[in-house]
Amino acid sequence: SGNNWTVVGGTGEIGTIQTLGAVGHHLRGAAAGGTVTWQQDVDVTGYEPEGLSAILDFYIFAFSDVNDTIGITLYGLDSGGATITSTAYGPSSPSISYWEKHTLSLSNLDPDTVTLRVKVVLTPAGGGDTIADTGITAMCLRVGQVSSQLIANQSFELGGGLASWTETV
């Protein structure tokens with residue numbers, strides 16, 4: 001396993017081809033590894049969680065088998081390890097053309113939250129093999145007071161392209 005990650009099941013590997021960016025690494029299924037489950041617990045006892053949010057950004061990709069899936073769950077746990085709240089992405093089949101960015105968030109954390117858990121499940125779901133040919137990388141977990149998106153038309157996709165932007169010289 002990678003630093004701080006716990007292998008719950010299956011056989012994963014750290015890949016370095018078809019990465020996001022020039023030099024990068026990602027978790028992916030290994031040859032004949034079946035379903036791959038890794039998780040990491042993050043201690044947040046130094047925070048007063050009430051009123052704070054936890055936000056997890058991540059990128060996912062399908063290397064060759066468009067049927068294979070990936071699921072990511074973000075949990076808020078109490079001191080006994082019981083789930084207080086959770087949110088999940090998938091399981092879903094990511095793009096085979098590009099790394100997709102996704103975000104999970106837990107808003108207004110419960111005051112009893114002491115641990116955040118990130119759980120990643122890569123599942124072979126077709127293609128006649130037992131390789132979970134999906135990957136995840138560039139995960140960023142933040143805790144704090146988080147506002148909504150403050151930039152208007154941040155991707156320049158809404159009507160008129162630059163209409164919501166002011167040109168200055």
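Numbering starts at 1 and runs along the sequence shown.
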>> Set out, in order, the CA-CA distance, both residues' side-chain angles and the distance that settles side chain to side chain contact (heavy atoms under 4.5 Å, CB included) for Lys119 and Ile72, then state yes or no.
In response: CA-CA 6 Å; Lys119 184 176 182 179; Ile72 298 95; over 6 Å; no
> Yes or no on side chain to side chain contact (heavy atoms under 4.5 Å, CB included) for Leu106 and Ile55, after CA distance, side-chain angles and deciding distance?
Replying inline: CA-CA 7 Å; Leu106 297 173; Ile55 297 178; over 6 Å; no
> Does the pair Asp57 and Lys101 meet the rule for a side chain to side chain contact (heavy atoms under 4.5 Å, CB included), with working shown?
Replying inline: CA-CA 7 Å; Asp57 295 321; Lys101 182 179 182 184; 4.0 Å; yes
> What's the verdict on side chain to side chain contact (heavy atoms under 4.5 Å, CB included) for Ser105 and Ser53, showing C-alpha distance, side-chain angles and the deciding distance?
Replying inline: CA-CA 7 Å; Ser105 63; Ser53 295; 5.9 Å; no
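Proximity of a side-chain donor or acceptor of Glu100 to a complementary backbone N or O of Ser95 within less than 3.5 Å is detected.
Judged by distance alone, the side chains of Asp68 and Thr134 never bring a donor and an acceptor atom under 3.5 Å apart. Thr115 and Asp41 are not linked by any side-chain donor-acceptor pair at a separation below 3.5 angstrom, with hydrogens and angles left out of the test.
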I'd like a table of donor-acceptor pairs (distance under 3.5 Å, sequence neighbours excluded) in which one partner is a side-chain atom from residues 75-86, with atom names and distances.
unit_1	atom_1	unit_2	atom_2	d
Asp78	OD1	Gly80	N	2.9
Asp78	OD1	Gly81	N	3.1
Asp78	OD1	Ala82	N	2.9

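Atom CZ of Arg117 is separated from atom OG1 of Thr6 by 8.0 Å, given to the nearest 0.5 angstrom. Interatomic distance, CG of Asp65 versus CD1 of Ile96, reported as 7.5 Å (0.5 Å rounding). The OH atom of Tyr59 lies 10.0 Å from the SG atom of Cys140; values are rounded to the nearest 0.5 Å. The distance from the CD atom of Glu50 to the CG atom of Asn108 is 7.0 Å, given to the nearest 0.5 Å. To the nearest 0.5 Å, atom CH2 of residue Trp38 and atom CD1 of residue Ile136 are 11.5 Å apart. Atom OG1 of residue Thr45 and atom OH of residue Tyr47 lie 10.0 Å apart, to the nearest 0.5 angstrom.
Scored by the side chain to side chain contact (heavy atoms under 4.5 Å, CB included) test, Thr35 finds Thr37, Val121, Thr123, Pro124 as partners (sequence neighbours excluded). Listed by chain and residue number, Tyr89 satisfy the side chain to side chain contact (heavy atoms under 4.5 Å, CB included) test with Ser92 (two or more places apart in sequence, or in another chain).
Using a 4.5 Å heavy-atom cutoff, the side chains of Leu52 and Gln145 are in contact.
Residues Val7 and Met139 fall within the same hydrophobic cluster, defined by Ile, Leu, Val, Met, Phe, Trp and Tyr side chains chained together at heavy-atom separations under 4.5 Å. Hydrophobic clustering keeps Val143 apart from Val114 (ILVMFWY residues linked when any side-chain heavy atoms are closer than 4.5 Å, directly or through intermediates). Cluster membership for Val42 and Leu27, using ILVMFWY side-chain heavy atoms within less than 4.5 angstrom, is shared. Using a 4.5 Å cut-off between side-chain heavy atoms of Ile, Leu, Val, Met, Phe, Trp and Tyr, with links allowed through other members, Trp5 and Ile14 fall into the same hydrophobic cluster.
In this structure, the ring of Phe63 has its center less than 6.0 angstrom from the ring center of His26.
The minimum heavy-atom distance linking Pro111 with Pro49 is given by the pair O-CG, 3.5 Å. Closest heavy-atom contact between Gly29 and Leu122: N-CD1, 3.6 Å.
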